[in-house]
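Below: the structure, in structure tokens.
Chain naming here is simple, since letters A, B, ... match the order of the sequence lines and numbering starts at 1 in each. Because only heavy atoms are used, hydrogens play no part in the values below, and waters and symmetry mates are left out as well, while side chains stay in.
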Number of protein chains: 2
Amino acid sequence: MEKRVFKDKAYSILATMVKAMANPHRLEIVDLLGQGEKTVEEIAGETGMSVANTSQHLQVLKSANLVEIRREGNFINYKLTHEEIYKSWQNLRELGLNHIAEMEKLVKDFREKRNSLEALKIDELLTKMKSKNVVVLDIRPETEFQNGHITGAINIPIEELATQLKNLPKNKEYVAYCRGPFCVFADEAVAVLNKKGYSAKRLNEGFPDWVLKGLPVSYSKAS
Amino acid sequence: MEKRVFKDKAYSILATMVKAMANPHRLEIVDLLGQGEKTVEEIAGETGMSVANTSQHLQVLKSANLVEIRREGNFINYKLTHEEIYKSWQNLRELGLNHIAEMEKLVKDFREKRNSLEALKIDELLTKMKSKNVVVLDIRPETEFQNGHITGAINIPIEELATQLKNLPKNKEYVAYCRGPFCVFADEAVAVLNKKGYSAKRLNEGFPDWVLKGLPVSYSKAS
DNA sequence: AATCTATTCAATAATTATATTGAATAGTTG
DNA sequence: CAACTATTCAATATAATTATTGAATAGATT
């Protein structure tokens, strides 16, 4: 095969894969599936899209082999085909967060209103976990927590936070995390906690980022 | 700002960036600019595109802040705005190379014909460089070599290989590298060397990958 | 200032991507 | 097997992407 033909094919194959990611909805789906498998309906619900549109975007991801399905009764569960796919997304996400001014401003404005601007990096949390009496809060839905969570974290889904406050002593330091930098459960939790007089910050990254760093993870069986 | 609005904006900003990469020609340009800055004409020449089309694609990359320009007389030099951009490309490239069957087959077929299938990884080259009498050949054009190369490598641009053979002893082991996995200078060099009875393999990765690993690099001034 | 040169722009045509709607399908449940 | 449910498909309209052509521009050279 000739040189130029080879290159054209190589870059085309890769561009096809990149194109499959090059859409806001599909990036959000990839981000969401970093938590584990989800049904079409769940994905539609989380992303605010219609089911038909969600399905169509999932087909695009599936054609590019970025996601695969597992049938379970009437439901079809989608998941990422490889962990590396989340890694690539994470990489692109960091590129945007670090170098697109518009992106920085968007996150800053959003977090300022929720007192969650002063966020911790994973490395900073690790230091705190060793030396301080810090409580790590997982603000994701219960099923995602059961699927895997930071070892030592306690699960308080955002809707339960208000009623759980009475069990949280005020003399501790709180770090809230959820799915990733664009997951706002943690921001909402920090807003509530700070308002009630707690010392709370959010973790910049989310659970999948913790996993990719090879840090300790625990699971809990559904009851 | 409302939750959904925030997410829509965040994923849209990132999708705009990813879209800027989601094209075979633009991926090739990003790959090429990993070697350092190039003029529009040079990029057009290397990629086999018309100058007008190249310019148009460069505008797309520039709008996304992936590349920036430096004027020099009549010429405009394009370069990547950040090293992380190459890193993201590298990441996507590896994803494709490892998980797209079509991609694996393409590379395998191409290299089999050139006896360059048995390629070394950077880590393997490092081991060899310590213990063996290996000669590292940089097959890129002279200007790219001068801009930075693997410390200890000698530069033999592909057109000069035939005439330089007389200076290469046959009792050594040769490892040829160029720009990256899709750069075929190294494959061509390996094909020539093996045909002439040398023991030669190509390096899987290219010079930018060596740099991103933080390995030793040398420069040479233009004469 | 006139000419030259590298690059960009504008207009076009062809192709591809997207969201919406409602119908079709495949598997489950009664 | 009929009814149901989750998902996919097909058709449509609108919008975005791409390569080509030739003209325009901005800076350098004479």
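- For S50(B), the listed nucleotide lying nearest its side chain is dT20(D); candidates were dT7(C), dT8(D), dT20(D).
- Seen from the ring of F207(B), R140(B) counts as a face-on cation partner, given the 6.0 Å and 45° thresholds.
- Taking F185(B) as the reference, nothing meets the ring pair (Phe, Tyr, Trp, His ring centres under 6.0 Å) condition, with sequence neighbours excluded.
- The shortest distance between the side-chain N/O atoms of N23(A) and the OP1/OP2 oxygens of dA17(C) is not below 4.0 Å.
- Using bins of under 30°, 30° to 60° and over 60° for the plane-to-plane angle, the ring pair H57(A)/H25(A) lands in the tilted bin.
- A straight line from CZ of R71(B) to C1' of dA28(D) spans 9 Å, rounded to a whole angstrom.
- OP1 or OP2 of dT8(C) sits under 4.0 Å from a side-chain N or O of Q59(B).
- Residue I29(A) contributes atom CD1, which lies 13 Å from atom P of dT7(D) at whole-angstrom precision.
- When rounded to the nearest whole Å, the span between NZ of K62(B) and P of dC9(C) equals 7 Å.
- Comparing dG22(D), dC9(D), dT7(D) against the side chain of A52(B) picks out dG22(D) as the nearest.
- T39(B) comes within 4.0 angstrom of the backbone, heavy atoms only, and of no base.
- F110(A) carries R114(A) over the face of its six-membered ring, with the cationic atom under 6.0 Å from the centre and within 45° of the normal.
- For Y78(B), no side-chain nitrogen or oxygen approaches OP1 or OP2 of dA6(C) to under 4.0 Å.
- Between the CD atom of E72(A) and the C1' atom of dT28(C) there is a distance of 13 Å, rounded to whole Å.
- For N74(B), the side-chain atoms get nearest to dA28(D) when compared with the rest of dT20(D), dA28(D), dA17(C).
- Partner of Y78(A) under the side chain to side chain contact (heavy atoms under 4.5 Å, CB included) criterion, chosen from K62(A), E68(A), K38(A), R70(A): K62(A).
- With DNA chain C read from its 5' end, the first of the two nearest nucleotides for E41(B) and Q56(B) is the one closest to E41(B).
- Residues Q56(A) and N53(A) have side chains that never bring a donor and an acceptor to within less than 3.5 angstrom of each other.
- E37(A) places its CD atom 12 Å from the P atom of dT7(D), with the value rounded to the nearest Å.
- In terms of position along DNA chain C, the nucleotide closest to L58(B) lies nearer the 5' end than the nucleotide closest to the other residue of the pair V60(A) and L58(B).
- Taking atom CD of E42(B) as the reference point, atom C1' of dT7(C) lies 14 Å away to the nearest angstrom.
- Whole-Å rounding puts the M49(A) CE to dT21(C) P distance at 14 Å.
- For dA19(D), one of the phosphate oxygens OP1 or OP2 lies less than 4.0 angstrom from a side-chain nitrogen or oxygen of N53(B).
- If you check dT17(D), dG22(C), dT8(C) against the side chain of I76(B), the one that comes closest is dT8(C).
- Atom CZ in R70(A) sits about 16 Å away from atom P in dA6(D), given to the nearest Å.
- For the OP1/OP2 pair of dT18(C) and a distance below 4.0 Å, the side-chain nitrogens and oxygens of R26(A) include at least one atom meeting the criterion.
- Phosphate proximity of dA17(C) to H57(A): absent, as no side-chain N or O sits under 4.0 Å from OP1 or OP2.
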